[in-house]
Amino acid sequence: MAVSTVVSGSSVTVDGEAMCPHRLVMEHVTSRWGVLVLIALLDRPYRFSELRRAIGEVRQVSEKMLAQTLQTLERDGLVHRDAKPVIPPRVDYSLTDLGREAAEQVRGLAQWTQDRLGKVLEAREAYDTAKGRAGTEVPGPAPSVRP
């Protein structure tokens, strides 16, 4: 994302990543697919199609989105891509040490969310009742978090 800033009377375009790199990494780690990829890879390395099926148990992901997510996490140093020179090609994805550390944190947050969902739903209902509106959002089943 490019952001325009005025510096000494002239407009300068600055890359959003350069302005706030930790926010961008946070977005990658906590994105819809980033969370599921990191948690799945905690179990073991996966081939692309295996990983897509494993994530598909929680929510369907397109090949394009999974490929983009894996590439982003690889660039951030969280995922290792091991392409073996065989026919047919074989590519395995696993977590780096940094990725394992991040995945443990994400899994903890996901577990907390699953454990506290009832209290969150109660709070939403109390809020909506106090504001005089009916609850408009009906949540689907929460994705389970594997230990």
Under the side chain to side chain donor-acceptor pair (under 3.5 Å) definition, can you give me all pairs with a residue in residues 85-97, not counting sequence neighbours?
R81-Y93, K84-D92, R90-D92
Answer yes or no: is there an ion pair linking E50 with R44, defined by an N-O contact shorter than 4.0 Å?
yes
Could you report the tightest heavy-atom contact between G77 and L98, atom names first, then the distance?
O-CB, 3.8 Å
In this structure, CZ of R52 is separated from CZ of R47 (nearest 0.5 Å) by 15.0 Å
Considering all heavy atoms of both residues, which atom of Y46 and which atom of A40 are nearest to each other, and what is their separation?
CE1-O, 3.3 Å
Working to the nearest 0.5 Å, report the span between OG1 of T69 and CD1 of I55.
7.5 Å
Out of curiosity, H80 NE2 to E74 CD, how far, rounded to the nearest 0.5 Å?
8.0 Å
Got more than 12 heavy atoms from elsewhere within 6.0 Å of CD, Q71?
no
How far does CG of L70 sit from CG of L51, to the nearest 0.5 angstrom?
5.5 Å
What's the spacing between L41 CG and L73 CG if we round to 0.5 Å?
8.5 Å
CZ on R116 to CD on Q111, rounded to 0.5 Å
9.5 Å
Cluster check W112, V106: I/L/V/M/F/W/Y, side chain < 4.5 angstrom:
no
Counting only pairs under 3.5 Å, give me each side-chain donor-acceptor contact of residues 29-37, with atom names and distances, residues two or more places apart or in other chains.
from, atom 1, to, atom 2, distance (Å)
T30, OG1, M26, O, 2.6
S31, OG, H28, O, 3.2
S31, OG, G34, N, 2.9

Test item: Q60 side-chain N/O and G56 main-chain N/O as donor-acceptor pair under 3.5 Å:
yes
Please identify each residue that fulfils side-chain contact (heavy atoms from CB on, under 4.5 Å) with A103, with sequence neighbours left out.
L38, L42, L95
Between E104 and E101, is there a donor-acceptor pair closer than 3.5 Å when you use the side chain of the first and the backbone of the second?
no
